[in-house]
Each structure stands twice: as C-alpha cells, then as structure tokens.
There are 2 protein chains.
Amino acid sequence: MAGPPKQDVVSPLMPDRSSAVYAGLRRAIIEQALLPGDRLPEDTIGEQFGVSRTLVRSSLTRLASEGLVEQRRNKGAYVASPSLASARDIFDVRRKLEDLVVQLLAGRLNQDDAKKLREHVEQERSAHAQDGPESIRLAGEFHILLAEMTGNALLARYVSEVTSRCSLILALYGRPHSSECAVNEHAQLIDALEAGRSEDACRIMAHHIGAVQERAHIDNTPRNEQRLKSILSHYAGTASRGLRP
Amino acid sequence: MAGPPKQDVVSPLMPDRSSAVYAGLRRAIIEQALLPGDRLPEDTIGEQFGVSRTLVRSSLTRLASEGLVEQRRNKGAYVASPSLASARDIFDVRRKLEDLVVQLLAGRLNQDDAKKLREHVEQERSAHAQDGPESIRLAGEFHILLAEMTGNALLARYVSEVTSRCSLILALYGRPHSSECAVNEHAQLIDALEAGRSEDACRIMAHHIGAVQERAHIDNTPRNEQRLKSILSHYAGTASRGLRP
DNA sequence: CCTATCCAGATTGTATACAATAATGCAGAG
DNA sequence: CTCTGCATTATTGTATACAATCTGGATAGG
C-alpha cells in the first residue's frame, strides 16, 4: 500500500460510516486485539477510520452502553475491564436469558435454521483448528444466532450484550486453553433443540454456560503498548463484514 | 440578536447538562406526557433545555439504546411505539429477569431495604390517590429499586429498561384503569421477600407481571399536537430530580 | 534527595458551521 | 380536480473550532 490514498474507497459501499467504526472497534475488542484497560483516544481512532471525532464519540458511547467500553468524564474511553464480582453478575443474567432462548426454541427450530447453525459450528471448528482470533468471536456469535432465531429482538440484543461481555471476562480471567468442548456442546444443543428434547437442551445449555464460567480464573496476561494504530488499521478495513462467512 | 436571558440558571447545580436532558426526556416519556409516535426535533429540545443539538443528539441516542426512542436515519427521533408482538417479547424477557431478582433477594432483604421499599409503596399509594402522572413512574420505579437491591448492576439496568418499555406499552395498549391492585401486590411481595418465602415471592411476582400484561389491550387514545414546547418547558426545570421524594 | 507547584501539551466536552437529505408547497399539465 | 415535477424550506448528518480539564514534567523550595 504505497502512496497516501484517502481511505474513502469505502464510500460507495458504506451507507453508514458510523456503524463501521462501531463494528470495527467491537470486533477488535471481541477478538481480544484490544484488551481490557486499553485506552481508546478519539483522535487516533478517527484518524484510522477516516472520520471525525463526532462519529467516534458516538460509537464509543454505543459501546459503553453495551458494557464493552468505559467512559470516564474528561478522561476518555477505555476497553472495559469487568471485576470478578460483575463477571458473576453477568453470568447470572446470562443463564436466565439463555434459558429463555432454549425454552422458546425447543421443538420450534426449523430445518433452515438448524442447517444454518450447523454450518456455523463447522466454521467454529475450522477457526479453532487454525487457532485464529476468530474462534473467540464465532463461539459468541453462535449464541447470538440462536437468540436471533427466537424472533425476540430484545432477547437477541441482551444475549448479544452478555455474550460480548463474556468475551471480555475470558480475556481478563480466562485460561488460554482452547474451547474444544464448547464446539461439541454447541452441536449437541442443536440436536436437542431440533428434536424438541427441551429438558436435554436446557441441561446442555446450563452445563455449557457453567463450563464457560468455569474457565474464568485469575490469569493476568500483560499487555503490549502502542499496538493500537496497527490494530485499528486492520479493523478499519474489515469493519463492514457481518455474520456471513 | 438582542440579549435574551440565557437559561443558565441551572449551571451551579448541574454537573452534567447532558444527563439533565436525558433525564427530562425520559421522565416526560415515562409519565406519558410525551406519547408514542411523538416527534422529537433536536432544535426544539435543545432550545427548551438550553443546550446545543450535540447534547440533545447524544441523549436521544441513549434513549434509543434503551428502546424508549426510535431514530430513523435522516428522519429524526420519535417516542417509540412498540408493536403488540414486541410487547409480548418484552414481557417474556421481563418475567425471566424479575424471576432472577426474586431469587436473589428472597430471604436476603435487610431491614433497611425493606423499610425503603415500604416507604416507596406509601408514595405510590398517595400518588395513586391524587391520580397524578407520577403514579405510573413510581410503579415502575418500585421494580427498579428492587433490582438495584440485588447488587447486580447489569440486572438492574435491564430491569430498568424493560420497566420503562412497559410504561410505553401501557401508554399504547393499556386500559386507563387504575393500578390499585399493583400497589397491594408490591406490598405483599416485600413481605414474602423479607420472610424468605421465596416460593410465595416468585408466585406473587409472576402474578403481578401477568396482571400488568393483562392490562395491555387495544385502546388507542388520540394524541394532541404541539404540546411539545409546553411539556418540555416543564420537564426542563425538574429534570435533575431523582428517585428521592 | 524528595516534595510541592505551576506551566505546557494533550485530550476531552460542547457549540457552531456547513453539507446532505427529506418534507413541503406550488405550478402546470392532463 | 387531481396528479406529477420541481423549487424551496426544514431538519438531520458530519466536521471543525473553541473552551474546559487533565497529565506530565520542570523547577524551586524544603
């Protein structure tokens, strides 16, 4: 990438640059490219994404409302670092929400959706095999996908939020160990849901969430500095991609 | 322009004018002074609160993230008017969340908190006697208070959100009939929680939420026009008051 | 050598200016 | 009379400018 080409290349396909900033930052946080406690200066971000501070601020506020970012007055925004206590709180809420998801979906999962879910699990498998940063994101997106299939928009939003926050929690307290079992549990859950075995589905989900929480132990990994620019330059380009493969 | 008196009277006691706009609009919506579908032009609001569009926008975005306001691109913000389908969705989620509140609080309610709750119920009673607009808000705030007492901040936020949205739903579909029973049910709930009768508490809460949902039927009341300015001029002044009496 | 104070730089908070888009109303044709 | 097309106006979307606040370091005093 020679010369100083303005990064307006995105214009034709970018109806909403604000969402691009939001999505880019969100992915960077979920995939743990940005770690809890990292500072998020408006200038730097705006530069990388090619927008003014106005849009950056609005994105940061949105992320803050979802709990991924903390905004401290006159001190700027940071990637949130939830305490152990709030981690427990988040899991308590998550369990209830996922309960509802299973309850709404058991026996009502159509073949189309089941197929989509199985394809997603396959993606998880291959991402996990490559040990890439995407496996974290994909594992979470499975739950979001499931919640969206209930047709309950509020539930989907809440599940999306707690799922994202769990990524943060694992980044802070989780063991680096792989999420092999998670992928299998996802597959089992689909089977149970499709077959209408709601008891099983509920049990599997409970166990699964428990396993995720289990992985949360103290394990503070040091973080590098000044990676921000290079990270953002990566996420600025791929920001618009959604759940699709 | 000549020197019109700036309405900066609030400065000394207003550390955060942005929150004032947010709180004022929120109350106006919860108390049904602003009704679902009402337009919320940035200029008008900014004028009334004495702030620039910047802060108004940020407040509207925040309200939108809570589901009280809908923002449509290039078309401005409106008080949200949830569909009947999404009303059902909201109640589904609310039931689960309130379940968790009861579960966390049963037998763990200290005397201080119980006292505070009983005082709140008294407020509800008197507001209901006067048939003022505050009774709507207070009924909701009971549930928010309860959720806050769990110490689970996320749960409190979610309960606050679904509670607010329920106010909207009642404004749209609710019968104008009073919420007498609700006040009594609140009192019963406190007793059950304090005594540690978690079964009872859970049952009362379920019945209570059911009763609230019951009141949601089609009953479209026409809305007046151009009340906006006068409404806002009222809420601009009283914006900073919180839960305290 | 350590501590306190103050200045300069950097960063955020808010207002305003300008650009882009949608809403409105009028004119003319059918 | 109604409908279509265009010009005007109102409102939102974004960028920039300025004010307020915080941060870090240099310097003087203990």
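Below, read A as the first sequence line, B as the second, and so on, with proteins coming before strands; counting in each chain starts at 1.
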Does [X] place a side-chain N or O at less than 4.0 Å from the phosphate oxygens OP1/OP2 of [N]?
| X | N | answer |
| --- | --- | --- |
| R73(A) | dT12(C) | no |
| R17(A) | dA15(D) | yes |
| R72(A) | dG13(C) | no |
| R53(A) | dT12(C) | no |

Among dT12(C), dG13(D), dT14(C), find the nucleotide with the atom closest to the side chain of S52(B).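 Nearest to the side-chain atoms of S52(B), counting from C-beta on, is dT14(C).
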Distance in angstrom units between [X] [atom1] and [N] [atom2], rounded:
| X | N | atom1 | atom2 | result |
| --- | --- | --- | --- | --- |
| L40(B) | dT12(D) | CG | P | 10 Å |
| Y78(A) | dC22(D) | OH | P | 12 Å |
| N74(A) | dG13(C) | CG | C1' | 7 Å |
| E47(A) | dT16(D) | CD | P | 12 Å |
| L60(A) | dT11(C) | CG | P | 14 Å |
| Q71(A) | dG13(C) | CD | P | 7 Å |
| E42(A) | dT21(D) | CD | P | 16 Å |
| D16(B) | dT21(D) | CG | C1' | 14 Å |

Salt bridge check, R137(B) against E134(B): does any charged N sit closer than 4.0 Å to a carboxylate O?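 Counted as a salt bridge, because a side-chain N and a carboxylate O are separated by less than 4.0 Å.
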For R165(B) and G67(B), work out which heavy atoms get closest and say how close.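 Of all heavy-atom pairs spanning R165(B) and G67(B), the closest is NH1-CA, 3.6 Å.
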Minimum heavy-atom distance P36(A)-A80(A), with the two atoms named: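 So the two residues come closest at CB-O, 3.3 Å.
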Just by modelled atom types, is the S65(A) backbone N or O under 3.5 Å from a matching donor or acceptor in the R157(B) side chain?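 The answer is yes, because a donor-acceptor pair under 3.5 Å joins these two groups.
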Taking the six-membered ring of Y78(B), is NZ or CZ of R72(B) closer than 6.0 Å to its centre and within 45° of its axis?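 Yes, R72(B) lies over the aromatic ring of Y78(B).
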Given DNA chain C, 5'-ward residue of the pair T54(A) and K75(A), judged by closest heavy atom: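 Taking each residue's closest nucleotide, the earlier one in sequence belongs to K75(A).
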Take L55(B) and D43(A), find for each the nucleotide of DNA chain C with the closest heavy atom, and name the residue whose nucleotide sits nearer the 5' end.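 Closest to the 5' end, via its nearest nucleotide, is D43(A).
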